[in-house]
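The structure under discussion appears below in the form of structure tokens.
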Amino acid sequence: MVLSAEDRKLVQATWCKVAPHLDDLGGEALSRLFLCYPQTKTYFPHFNLSADSKDVHQHGLKVAKALDGAIKHLDNIRGNLAYLSDLHAYNLRVDPVNFELLAKCFHVVLAIHLGKDYSPTVILAWDKFFHCVGDVLCEKYR
Ligand code: HEM
């Protein structure tokens with residue numbers, strides 16, 4: 001999956017709009033993940049996963065910051081997220097299907113924050129971005 005110059009512009013511009021909420025975006029996406037796809041909770045047995053949990057909020061911030069790094073380096077997503085690729089494949093052994101589930105949750109969070117700015121072309125650009133992230137995080141499984 002390759003992001004066009006236009007896709008990159010759209011992802012970066014809309015991320016700038018939601019960036020003031022960076023602290024919350026990841027936690028909101030993770031809460032949705034655990035609610036909508038409760039099987040994903042099995043990867044976090046050591047976390048308090050209740051509503052408004054500090055664990056979820058703090059971990060969500062780590063995920064959002066990783067995405068932030070990738071968005072600032074859209075020409076080198078692979079290099080930027082390489083350390084997470086090893087971690088998720090070899091240490092955490094996260095089943096790749098879960099990356100798609102988390103991406104769906106991020107789409108909903110982005111839609112809530114962006115409102116009308118979450119246009120079909122923006123959605124497509126974000127969809128490509130999450131595919132790229134998922135590809136990188138899964139590549140060590142091949
Ligand atoms: C840890 C990012 C998807 C499970 C992490 C960390 C980051 C991260 C930044 C912390 C690494 C560190 O502490 O050095 C991401 C990104 C994802 C993603 C960017 C996709 C957009 C997932 C999914 C799951 C998952 C789908 C499972 C459902 C975990 C677990 C940890 C972790 C279990 C370790 C948590 C802990 O013990 O602190 N991830 N992740 N990740 N991730 Fe992911």
Side-chain angles (χ1 to χ4, degrees), residues 1-4 6-115 117-142:
M1 183 71 63
V2 178
L3 275 86
S4 66
E6 182 63 15
D7 293 328
R8 292 173 193 210
K9 249 200 279 179
L10 291 173
V11 167
Q12 286 172 336
T14 46
W15 185 246
C16 274
K17 287 193 178 168
V18 298
H21 307 284
L22 187 76
D23 258 23
D24 299 320
L25 297 175
E28 287 173 20
L30 281 180
S31 299
R32 283 186 174 273
L33 181 74
F34 298 140
L35 186 71
C36 300
Y37 309 102
Q39 70 273 23
T40 57
K41 293 199 254 183
T42 54
Y43 291 99
F44 300 88
H46 50 309
F47 274 29
N48 170 1
L49 297 179
S50 57
D52 298 329
S53 146
K54 207 171 148 190
D55 288 344
V56 174
H57 183 263
Q58 282 174 347
H59 187 65
L61 185 53
K62 285 187 195 176
V63 175
K65 281 185 173 166
L67 294 178
D68 185 57
I71 291 164
K72 284 179 177 146
H73 301 94
L74 286 177
D75 50 341
N76 184 21
I77 296 179
R78 171 162 286 103
N80 202 263
L81 296 180
Y83 73 106
L84 289 176
S85 173
D86 283 343
L87 177 78
H88 286 77
Y90 298 134
N91 300 29
L92 301 168
R93 296 171 190 275
V94 173
D95 187 316
V97 74
N98 293 295
F99 297 115
E100 288 167 41
L101 303 182
L102 182 57
K104 284 187 195 196
C105 296
F106 265 109
H107 272 294
V108 176
V109 170
L110 287 167
I112 290 169
H113 284 272
L114 287 168
D117 289 335
Y118 203 55
S119 66
T121 39
V122 170
I123 295 171
L124 191 60
W126 275 101
D127 203 37
K128 289 186 190 175
F129 169 73
F130 283 120
H131 266 98
C132 289
V133 172
D135 280 353
V136 172
L137 293 190
C138 291
E139 67 186 2
K140 295 288 160 63
Y141 293 78
R142 291 178 205 132

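Heavy atoms only: backbone and side chains are in, while hydrogens, waters and symmetry mates are out. Numbering starts at 1 and runs along the sequence shown. Both counts, for ligands and for their atoms, begin at 1 and track the order of listing.
- Of all the heavy atoms of F106, none lies under 4.0 Å from any atom of ligand 1, so neither backbone nor side chain is involved.
- Residue contacts to atom 43 (Fe) of ligand 1: H88 brings an N, O or S atom closer than 2.8 Å.
- If you number the atoms of ligand 1 from 1 as listed, the ones under 4.0 Å from a heavy atom of F44 come out as 4 (C), 25 (C), 29 (C), 30 (C), 33 (C).
- Within the structure, the closest approach of K65 to ligand 1 does not fall below 4.0 Å when heavy atoms are considered.
- Residue H59 holds the heavy atom nearest to atom 1 (C) of ligand 1 of all those in H59, Q58, K62.
- For atom 14 (O) of ligand 1, the nearest protein heavy atom lies 4.0 Å or farther away.
- Residues satisfying the side chain to side chain donor-acceptor pair (under 3.5 Å) test with D127, not counting sequence neighbours, are H107.
- At least one donor-acceptor pair closer than 3.5 Å links the side chain of H57 to the backbone N or O of D23.
- Across the listed options R93, H46, Q39, H46 owns the non-hydrogen atom lying nearest to atom 36 (C) of ligand 1.
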Give the table of side-chain donor-acceptor pairs shorter than 3.5 Å for residues 38-47, with sequence neighbours excluded, one pair per line with atom names and distance.
{"unit_1": "T40", "atom_1": "OG1", "unit_2": "Y37", "atom_2": "O", "d": "2.6"}
{"unit_1": "T42", "atom_1": "OG1", "unit_2": "Q39", "atom_2": "O", "d": "2.8"}
{"unit_1": "Y43", "atom_1": "OH", "unit_2": "D95", "atom_2": "N", "d": "3.0"}
{"unit_1": "Y43", "atom_1": "OH", "unit_2": "N98", "atom_2": "ND2", "d": "3.3"}

Requested in this report: For the pair S53 and D55, evaluate side-chain hydrogen bond (donor to acceptor under 3.5 Å, both in side chains) and give the outcome as yes or no after the intermediate values.
Outcome: CA-CA 5 Å; S53 146; D55 288 344; 4.6 Å; no
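- Annotation for ligand 1: atoms under 4.0 Å from non-hydrogen atoms of N98 are 26 (C), 28 (C).
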